[in-house]
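Contents: one structure, followed by commentary.
All residue numbers in this chain count up from 1 along the given sequence. Both backbone and side-chain heavy atoms feed into the values below; hydrogens, waters and symmetry mates do not.
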Amino acid sequence: MVYSLSYRRPPHVDSARASINRSEKTKSIDEGSITSRSSGVISGIPDALSFDRIITGGTCPPCTARDFMNYLIYIEHAAENLQFFLWYRDYTKRFSELPPSERALAPVWTTEQAEADAQAPSAPKQQVSVETAAVFKGTDFAPAVASVAELKPNPFNTPPRTPNGDRESVAPSEKVWSENGSTLHSYTNKSFQSKAAGAFESADLKWQPFTIQPFREEVTRIIAIYIADGAPRQLNLSAKERSKLLHALANTTHPSAFAKVVHTVEWSLRHQAHPNFIRWTICNGNRPRVIFARGLGVFGVMGGIISAVLITLSNASRGYRVLSAIGFMIGVATLICAWKGMCIVLHGMHHRHLRPWELFAEDDDDSSFDMAKGSFDTMGSTNSYEDEPWIAKYEKRNILRKILDREVWIQEPVLRQIQDTIFLQAMGGSLIITAISVGIFCTFPAGNFY
């Protein structure tokens with residue numbers, strides 16, 4: 001089964017083209033699944049490779065969520081969007097599972113509250129004596145002027161924990177248990193709090209967030225990792241978006257506080273990262289292999305031209321000139337496939353080259369992902385990969401070895417169908433160009449030079 005011969009790959013979406021106003025972004029997100037399901041074939045993305053199917057694990061390699069994450073890390077360099085989106089989806093689920101009494105501590109953040117909060121003047125700092133500050137130091141009633149780094153942990157700072165909650169979101173090297181084994185602390189808690197405090201100060205917020213609300217410590221870490229200026233996984237937010245988000249998080253930890261930012265992140269994933277990922281995945285060969293395929297295509301076309309010229313200049317009959325069609329056919333088809341990033345030889349076996357980071361990776365199950373493992377660790381460090389071992393190993397490979405890199409069978413059937421369609425398009429285009437070229441040579445009289 002193949003798609004229509006008029007099929008076109010999803011066009012490449014750059015950041016400039018993706019920069020539209022918020023109303024269009026919000027509208028597209030509100031239409032959400034309707035847009036992604038109804039217009040998949042028109043945009044070059046079948047329903048079986050939609051964003052939702054990939055995220056929910058309904059696809060096979062090389063179109064899984066892990067492959068999508070690797071693409072965002074190594075190619076597009078914007079993995080923080082997907083990491084934040086996955087965290088928010090998991091956070092929303094865990095928040096909805098809380099008891100009603102705990103959910104009531106973090107009220108829903110509405111648009112009316114955001115507008116009223118933006119128009120309200122900043123609360124002045126409390127002027128208290130040193131003696132009063134010393135009495136309340138280390139409690140939830142400590143004055144706002146107290147340093148966040150000096151606040152000692154208290155029972156209200158520990159958010160509710162669930163199987164995929166805070167306990168698993170902290171790296172193993174950063175975990176330490178208290179004597180009674182009931183409270184989980186992190187060695188980086190103070191740095192997270194200090195970073196978050198700096199973010200609130202930059203937004204002209206002079207009060208401390210409510211610490212009794214559920215998941216407050218986790219939200220503090222999210223601010224330090226994704227929201228604060230200079231954060232290791234800082235989201236691409238405008239100053240206005242960041243300020244509004246911090247105002248909302250200063251009042252509640254309800255998932256609705258992230259609504260506007262999630263709209264921006266999800267729009268970028270659906271309308272920029274996802275189409276680019278599908279376009280990139282269609283390519284079955286690495287760059288050296290594709291360049292080599294283009295060279296073979298040029299060589300085939302040149303062979304067809306030379307053979308046609310030599311036969312035309314001879315005393316052979318016109319029928320022999322049709323033999324040049326072999327070179328034209330193979331060369332043009334190879335060029336068209338290579339132009340779309342496909343190697344026609346690899347496609348004949350439905351194979352693809354392993355990516356450089358896959359060549360040296362340990363065997364793993366690529367069909368699933370763990371929220372607390374590797375690039376899916378939402379509380380991890382930066383997404384920098386310059387120090388990963390595979391880079392030095394891959395650079396040492398010579399060009400011939402890169403062209404003949406290891407291959408693997410393409411498991412995703414829909415991707416194979418897309419490649420079959422592109423191959424048929426290439427063969428059709430090659431047939432037309434070959435017929436025209438051979439027809440032109442057949443019109444010339446014989447040269448009879450030999």
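Residues satisfying the side-chain hydrogen bond (donor to acceptor under 3.5 Å, both in side chains) criterion with E407, sequence neighbours excluded, are H351. Under the rule for a ring pair (Phe, Tyr, Trp, His ring centres under 6.0 Å), the partners of H254 that lie at least two apart in sequence or sit in another chain are F95. For R397, the salt bridge (charged side-chain N to carboxylate O under 4.0 Å, His left out) partners are D405, not counting sequence neighbours. Judged as a side-chain hydrogen bond (donor to acceptor under 3.5 Å, both in side chains), and not counting sequence neighbours, E80 has no contacts. With sequence neighbours excluded, the residues that form a ring pair (Phe, Tyr, Trp, His ring centres under 6.0 Å) with F85 are F51. Listed by chain and residue number, F68, Y71 satisfy the ring pair (Phe, Tyr, Trp, His ring centres under 6.0 Å) test with F277 (two or more places apart in sequence, or in another chain).
Comment: E412 does not engage R352 in a salt bridge, judged by the lack of any side-chain N to carboxylate O separation of less than 4.0 angstrom.
Two residues are said to be in side-chain contact when any heavy atoms from C-beta on lie closer than 4.5 Å; R270 and D52 meet this criterion. At least one side-chain heavy atom of I422 sits under 4.5 Å from a side-chain heavy atom of R9. Counting heavy atoms from C-beta on, the side chains of I336 and Q425 never come closer than 4.5 Å. Between E241 and H263 the shortest side-chain heavy-atom distance does not fall below 4.5 Å. Residues N383 and H77 have side chains not in contact (no heavy-atom distance under 4.5 Å, counting atoms from C-beta outward).
The two residues L237 and V261 have their closest heavy-atom pair at CD2-CG1, 3.9 Å. When all heavy atoms of A48 and T59 are compared, the closest pair comes out as O-CG2, 3.4 Å. The shortest heavy-atom contact between Q213 and P107 is NE2-CD, 4.2 Å. The heavy-atom pair separating A257 from L249 by the smallest distance is CB-CD2, 3.8 Å.
By the 6.0 Å contact criterion, CG on N398 is enclosed, its count of non-hydrogen atoms from other residues, nucleotides or ligands being greater than 12. Enclosure of atom OH in Y91 by more than 12 non-hydrogen atoms of other residues, nucleotides or ligands within 6.0 angstrom is indicated.
In this pair, Y88 and F84 present their aromatic rings parallel. The plane angle is below 30°, not in the 30 to 60° band.
Under a 3.5 Å cut-off, the side chain of R289 and the backbone N or O of K402 do not form any donor-acceptor pair.
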